[in-house]
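First comes the structure, then the notes that go with it.
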Amino acid sequence: QVLHMPLLSIYGLSLRLEASQIGVALSLGSAIYVIVTLLAGVINGKLSPAKTMILSSTFLAVTYLVAPHAKDIAGFALLSCAASFSYGLFWPSVEAIIASMGGSASLFSFSWSSGTLIGSLASSAIISLSPILFFYYISASLALLSVFQVIYTSRLRVGTEAFSPRVFLT
């Protein structure tokens, strides 16, 4: 997620959008993120955190796959909102899964911080790539993550909701 804002900013500049347009579009996405994270508990309750995480990863993969078709401010704002919607579902799902495993807030903070670290290290590499190439790369990565999540959750024992390495390795 740490790559989301810089990537979209670079893409917005490549579309020749004004800085103020980019800022408004990214702010709309951030507002969607806040709203969705507030609703994520309800969604996790209806679908399960694992299914919500798969849904959010898949939706984000599709969002980034079609991202190069956003060619104006409306498409760019929609792209920002769709990606933020996915992130707003993803992180609360991860938090719920960690909590169901008996994990703590510090474990969640570790996962969040690790992602930020990796993203920060990768940011110099993405600046040198075309944003469109990176959209395709991240879309493929997210699609693989979604497939892994489906395979992984299908191995969970009946009646359990948590991801557990013990379940996967048995």
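Throughout, residue positions are numbered sequentially from 1 according to the sequence presented.
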Working to the nearest 0.5 Å, report the span between [atom1] of [X] and [atom2] of [Y].
| X | Y | atom1 | atom2 | value |
| --- | --- | --- | --- | --- |
| I54 | L89 | CD1 | CG | 13.0 Å |
| F90 | Y33 | CZ | OH | 10.5 Å |
| I35 | S30 | CD1 | OG | 11.0 Å |

Output a table of donor-acceptor pairs, distance under 3.5 Å, between side-chain atoms of residues 12-28 and any protein atom two or more places apart or on a different chain; print 'none' if there are none.
{"from": "S14", "atom 1": "OG", "to": "Y11", "atom 2": "O", "distance (Å)": "2.6"}
{"from": "Q21", "atom 1": "OE1", "to": "E18", "atom 2": "N", "distance (Å)": "2.8"}
{"from": "S27", "atom 1": "OG", "to": "G23", "atom 2": "O", "distance (Å)": "2.8"}

Problem set entry | Heavy-atom neighbours of K46 NZ exceed 12 at 6.0 Å | no
Problem set entry | Residues in side chain to side chain donor-acceptor pair (under 3.5 Å) contact with S56, at least two apart in sequence or another chain | none
Minimum heavy-atom distance [X]-[Y], with the two atoms named:
| X | Y | value |
| --- | --- | --- |
| Y87 | Y64 | OH-OH, 3.3 Å |
| S93 | T52 | OG-CG2, 3.2 Å |
| G88 | A40 | O-CB, 3.9 Å |
| P49 | N44 | CA-OD1, 3.6 Å |
| T37 | P92 | CG2-CG, 4.1 Å |
| S80 | L8 | CA-CD1, 3.9 Å |

For this session: Taking the side chain as every heavy atom from C-beta outward, state whether L65 and Y136 have any pair of such atoms under 4.5 Å apart.
Result: yes
Problem set entry | In one Ile/Leu/Val/Met/Phe/Trp/Tyr side-chain cluster, 4.5 Å: V36, L55 | yes
Problem set entry | Cluster link F135 to L78, ILVMFWY, side chain under 4.5 Å | no
